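Report on the following structure.
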Amino acid sequence: MSENALDPYRLETLASAERPFDDAAEELVRECDLRWCDVTLSADIIAITAGNLVYILSSDCRSQVATIRHDTRVLTTALSCDSSFVAFGDDAGMLFIVHIETRKPVFSQAIKAPDSRGPGKSKTQIPFAISALRFSSPTPAAGVGVREELVLTTTNDTMVRFSGIQLSLLSKAIVDGNMELGARIKDEIRVEFVTLVASKRSIHQSGVNGLSLFHSHDRSHIVVAGDGDACMSCWERAENSGASEALPSTSLVDIVTADCAGSGYIKILLSLDHRYIVALSEHGALDVYECSTLTLVFRYSEVEIDDFSLLAPGSSNSKSSPQTSILVALITKPVLLSDDDASDGEYPADESLCRRLLVVSLPTAEVIYSMDVSEWSWLAHDARSSQDIADSILFVEGTARDGVQCFFLRSLNETVPLERLTHFLRAGRYPEAETFAENCNIPLSLVYRKRIEEVLNGDPLCIGTGGGQADNEQHVYVDKALDLLGHIDDVDFVVESCIRMPCPSYAGTHRLLEYSRSLAAESAPASVPRILNTIQRLGTWSMVSNQRNTVCQGDDFFDLDAWHAFRTADLASYLRSYIAQGDILGVSALWRRHHEDGRLSGGISSAVQGFSMDIDTNSLACWLRTEVLPMLGARQQWHEIAVWIEQRARALASKRNRIADALLLANLLDIGTWSADFGTSSRSDSASVGSSLNDRVCSPVCGPFAITPQNFIENSIYTAKWTVELARVSGVSVFSAQADSSTLASSDAALQSCLFLRKQLLDLVYLRDKHTMVLTLEEFEQLSYSAIATELLDRVGAPELLDEAYFAHFVPYSEHHQIDFAQTLREYCIEMMDA
């Protein structure tokens with residue numbers, strides 16, 4: 001590969017091969033009439049045909065995809081535009097189609113055309129060698145999707161058209177093993193034999209050398225190049241709307257006679273805009289025909305040409321070529337090798353001939369590039385569609401010496417100034433890049449933009465520093481990045497770069513975001529909300545990451561990859577992840593700062609169900625009460641959360657040591673407990689849970705990411721709105737000093753059930769704290785108040801302790817539940833005496 005960035009083209013060797021040859025073959029090699037291999041390329045693969053072998057390589061020739069071995073010599077090869085199939089024909093008239101990914105042959109058939117032997121004689125079918133083969137570009141058909149066509153010609157003046165092939169669908173059927181779909185696609189293929197004759201007389205008696213296919217309006221066209229009475233013929237067929245049984249026939253539209261052209265044509269190609277046909281004559285001239293009328297419009301005969309291909313129209317470096325120019329890569333017939341060229345060691349000393357590879361712009365005939373290649377060189381066949389053809393030339397170059405044939409598959413790629421500029425940038429030669437840009441009148445902003453793009457692609461060295469963790473390196477990194485961005489006028493690009501910049505620190509990332517915010521506020525107001533959202537996410541990420549790294553502090557724990565993943569992620573997924581991990585602090589930080597995100601708030605009622613039973617219930621209840629419940633705006637959401645709270649409380653109450661935790665959750669839906677200290681009935685330190693949680697969430701964070709008092713003001717407002725809404729639904733007066741849960745008259749069954757559960761849990765706590773009786777909820781629900789009261793007497797182990805149990809437990813509990821303790825005691829005594 002050329003290392004000189006100033007070269008207009010860059011030469012690269014993709015592959016090489018060699019084989020021994022005997023003295024008898026050397027003369028053929030010298031005459032340059034023997035092509036040991038043919039090369040065909042599509043968008044993704046390259047097919048190299050050598051004798052009876054077809055090698056399938058990746059487009060960059062770094063890997064060999066497949067090797068196909070045939071019984072006889074392969075004459076012609078074609079690749080489908082999507083690179084999924086390779087078709088080839090041999091001198092026995094056999095056509096083969098192979099699926100490249102699976103290496104499975106999907107078609108194998110001898111192409112035989114009817115041959116009339118005269119009146120009274122039977123017709124036989126005689127195989128002839130396949131001379132030309134070509135896939136068409138994909139064409140949408142009304143009601144049947146995208147279909148393609150395979151066209152071939154044989155040496156007996158017969159053209160065969162395989163139409164209506166759904167190659168993409170067929171490839172999928174083969175990969176999936178869907179035999180039914182494959183059979184249906186095969187049944188829809190239509191085959192037409194076309195005899196290349198005019199007035200019952202052959203027009204290409206000496207052979208067909210090339211095909212070109214294109215579509216216009218509702219018709220398909222095939223241009224055939226060859227020798228004989230006609231050097232070029234155009235055939236067309238009306239396209240039907242689907243795969244119907246009646247297929248229109250192909251007919252001859254126009255011909256170019258050999259007398260008119262002066263010789264036969266050995267190769268034709270269609271220009272990329274489908275306006276012109278470019279044909280190479282036997283005498284080495286290049287003729288350009290207007291496609292619709294087959295009118296000769298230009299002939300290039302400055303040099304004798306042996307092979308040619310077309311390049312993308314936008315790749316010309318010509319300053320004078322019009323926009324309608326055709327860019328052609330040419331290989332000339334052998335010319336004398338100059339003494340200067342012969343001394344460079346590229347070719348053997350006894351060789352005096354070479355060919356020239358030219359890039360020419362037509363019709364101006366301006367030679368854009370020229371280089372000498374070996375006497376034994378030819379171009380690859382290009383099977384790519386127009387939109388896939390790029391500014392590259394693929395050709396084979398060979399030498400023969402010392403009994404060995406060496407072949408090199410080379411690629412010649414155009415290097416436009418911006419590519420040469422990128423060459424400097426990727427090599428880290430920034431001063432040279434700026435000098436080159438000034439000399440080529442390229443705005444320096446493009447240089448800076450290229451450097452920033454390289455940084456965004458993962459190379460921080462393009463700024464001039466590695467972006468290390470040291471504070472001074474971080475400041476230098478950000479300073480240089482801001483300096484480069486300051487020279488770029490594209491505000492949208494600057495904003496996007498500041499957001500995506502891989503800066504390895506909180507402070508540096510925040511500086512870049514603040515710079516983009518101030519810039520967008522003046523020039524791109526529409527970008528401000530996105531920037532503010534990114535800044536808010538950065539603050540949240542700093543809180544969450546610092547909470548998880550309590551040993552060390554500061555920027556040492558800034559995980560760049562994790563930050564950029566969090567920057568673009570769905571926050572609801574992070575919330576569910578924190579909930580599953582039991583990280584109540586991360587959950588609190590994420591919800592507190594982003595609860596207005598619709599996807600976050602919309603899924604909160606289902607997300608909370610991910611909390612495990614082992615989570616600290618006090619912290620969970622505090623978070624739900626102070627931050628979640630006041631911010632729920634939809635009735636359905638708090639209904640779903642109320643159902644979950646009851647289910648979780650019942651699950652906790654099934655364990656004797658979790659009754660207090662169950663009561664904490666049940667208290668969430670009783671407004672009367674909201675004005676009192678939270679959970680004072682069960683835990684002595686619960687009054688400070690809210691402030692404790694806030695302290696733990698906010699303590700590692702300071703500066704621009706700290707939680708401000710405004711958040712707590714808004715929280716109070718949301719709490720008031722929640723209280724009013726709950727009062728409206730439940731019938732509780734919000735103006736009373738203390739709301740009594742017994743006055744709830746809600747029609748919501750879930751709320752009523754939860755409040756009844758709370759009443760049961762209060763009684764369980766009362767029994768535990770006042771009467772030292774510990775029951776589970778299930779045991780409590782199986783007993784009546786009277787049964788529990790007598791149980792307080794029945795548990796006494798000695799008769800002398802009954803007096804204390806009666807006055808200390810039986811009577812207070814009976815009065816607490818308004819039980820007639822005298823009647824209950826009488827019934828208890830009768831039961832004991834009967835027992």
Side-chain angles (χ1 to χ4, degrees), residues 40-43 76-82 131-140 148-153 159 161 163 196 204 208-226 230-237 239 250 252-256 261 264-281 285-300 305 307-316 323-330 360-363 379-394:
T40 305
L41 69 150
S42 65
T76 180
T77 306
L79 292 170
S80 62
C81 290
D82 64 353
S131 57
L133 189 63
R134 181 80 176 184
F135 279 101
S136 70
S137 298
T139 304
E148 298 174 57
E149 183 177 11
L150 176 63
V151 181
L152 62 88
T153 58
M159 178 170 63
R161 305 184 65 173
S163 306
L196 302 177
H204 298 297
V208 173
N209 300 317
L211 293 170
S212 186
L213 290 70
F214 65 98
H215 289 76
S216 64
H217 304 295
D218 59 346
R219 294 181 177 275
S220 63
H221 303 266
I222 300 176
V223 181
V224 180
C231 60
M232 185 187 302
S233 60
C234 182
W235 307 75
E236 75 172 30
R237 183 179 70 188
E239 294 295 333
T250 302
L252 178 64
V253 177
D254 201 354
I255 64 172
V256 177
Y265 288 127
I266 60 176
K267 185 176 184 178
I268 59 170
L269 293 175
L270 187 67
S271 67
L272 304 186
D273 57 4
H274 292 186
R275 294 178 57 188
Y276 302 100
I277 295 173
V278 185
L280 176 61
S281 71
L286 207 60
D287 293 343
V288 180
Y289 287 85
E290 201 277 326
C291 192
S292 60
T293 62
L294 288 188
T295 302
L296 181 65
V297 295
F298 182 78
R299 171 170 289 176
Y300 179 76
I305 303 169
D307 200 358
F308 81 100
S309 65
L310 301 180
L311 298 178
S315 61
S316 175
Q323 293 183 351
T324 57
S325 64
I326 302 175
L327 203 63
V328 186
L330 311 172
V360 180
S361 177
L362 302 179
L379 292 167
H381 302 288
D382 201 334
R384 294 175 293 182
S385 58
S386 300
Q387 61 269 23
D388 292 329
I389 293 181
D391 315 328
S392 61
I393 304 167
L394 201 67

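This structure is a prediction, so every number in the text was calculated from the model and none was measured.
Using a 4.5 Å heavy-atom threshold, the side chains of Val328 and Leu310 count as touching. Side-chain contact between Ile268 and Tyr289: absent, with no pair of heavy atoms (C-beta onward) separated by less than 4.5 Å. Annotation: side chain of His215 is in contact with side chain of Ser220 (closest heavy-atom distance under 4.5 Å). The shortest side-chain heavy-atom distance between Leu296 and Val256 does not fall under the 4.5 Å cut-off. Looking at Leu150 and Leu133, their side chains come closer than 4.5 Å, going by heavy atoms from C-beta outward.
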Exercise. Decide yes or no on side-chain contact (heavy atoms from CB on, under 4.5 Å) for Arg237 and Ser163, but give the supporting numbers first.
Key: CA-CA 11 Å; Arg237 183 179 70 188; Ser163 306; 2.7 Å; yes

Exercise. Go through Leu330 and Tyr300 one step at a time and tell me if the side-chain contact (heavy atoms from CB on, under 4.5 Å) criterion holds.
Key: CA-CA 11 Å; Leu330 311 172; Tyr300 179 76; 3.7 Å; yes

Practice problem: Evaluate side-chain contact (heavy atoms from CB on, under 4.5 Å) for Leu286 paired with Leu362, printing each intermediate quantity in order. | Solution: CA-CA 10 Å; Leu286 207 60; Leu362 302 179; 4.1 Å; yes

Quiz prompt | Residue pair Ile277, Met232: steps toward the side-chain contact (heavy atoms from CB on, under 4.5 Å) verdict | solution = CA-CA 10 Å; Ile277 295 173; Met232 185 187 302; 4.3 Å; yes

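Nearest approach of Gly264 to Cys231, heavy atoms of both residues: CA-CB, 3.7 Å. Taking every heavy atom of both residues into account, Leu269 and Ser309 meet most closely at CD1-CA, 3.8 Å. The nearest pair of heavy atoms linking Ser80 to Ser42 is O-CB, 3.8 Å. In plain terms, the two heavy atoms of Leu270 and Ser212 that are nearest each other are CB-OG, 3.4 Å. Nearest heavy atoms, Gly226 versus Asn209: CA-ND2, 3.7 Å. When all heavy atoms of Ser137 and Cys81 are compared, the pair lying nearest together is CA-SG, 3.8 Å.
When the salt bridge (Lys or Arg N to Asp or Glu O under 4.0 Å) test is applied to Arg161, the partners found at least two apart in sequence or on another chain are Glu149. The ring-ring contact (aromatic ring centres under 6.0 Å, His included) search around Phe308 returns none, not counting sequence neighbours. Looking at residues two or more places apart in sequence or on another chain, you find a side-chain hydrogen bond (donor to acceptor under 3.5 Å, both in side chains) between His204 and Ser233. Every residue two or more places apart in sequence or in another chain that forms a side-chain contact (heavy atoms from CB on, under 4.5 Å) with Val297 is listed here: Tyr276, Val288, Glu290. Not a single salt bridge (Lys or Arg N to Asp or Glu O under 4.0 Å) links Asp82 to another residue, sequence neighbours left out. With sequence neighbours left out, Glu148 forms a salt bridge (Lys or Arg N to Asp or Glu O under 4.0 Å) with no residue at all.
Under the side chain to side chain contact (heavy atoms under 4.5 Å, CB included) test applied with Trp235, the options Val223, Leu196, Val253 reduce to a single match, Leu196. Each of Thr250, Ile222, Val224 was evaluated against Val151; a single residue qualifies, Ile222, per the side chain to side chain contact (heavy atoms under 4.5 Å, CB included) test.
A distance of 8.5 Å separates OG1 in Thr153 from CE in Met159, rounded to the nearest 0.5 Å. Note that the CZ atom of Arg134 and the OG1 atom of Thr77 stand 12.5 Å from one another [nearest 0.5 Å]. Atom-to-atom distance recorded for Leu211:CG and Leu152:CG is 8.0 Å, nearest 0.5 angstrom. Between the CD1 atom in Ile266 and the CG atom in Leu280 there is a gap of 4.0 Å [rounded to 0.5 Å].
For Thr40 (side chain) and Ala78 (main-chain N/O), no donor-acceptor pair under 3.5 Å exists by modelled atom type.
Ring geometry for Phe214 versus His221: interplanar angle under 30°, hence parallel rather than tilted (30 to 60°).
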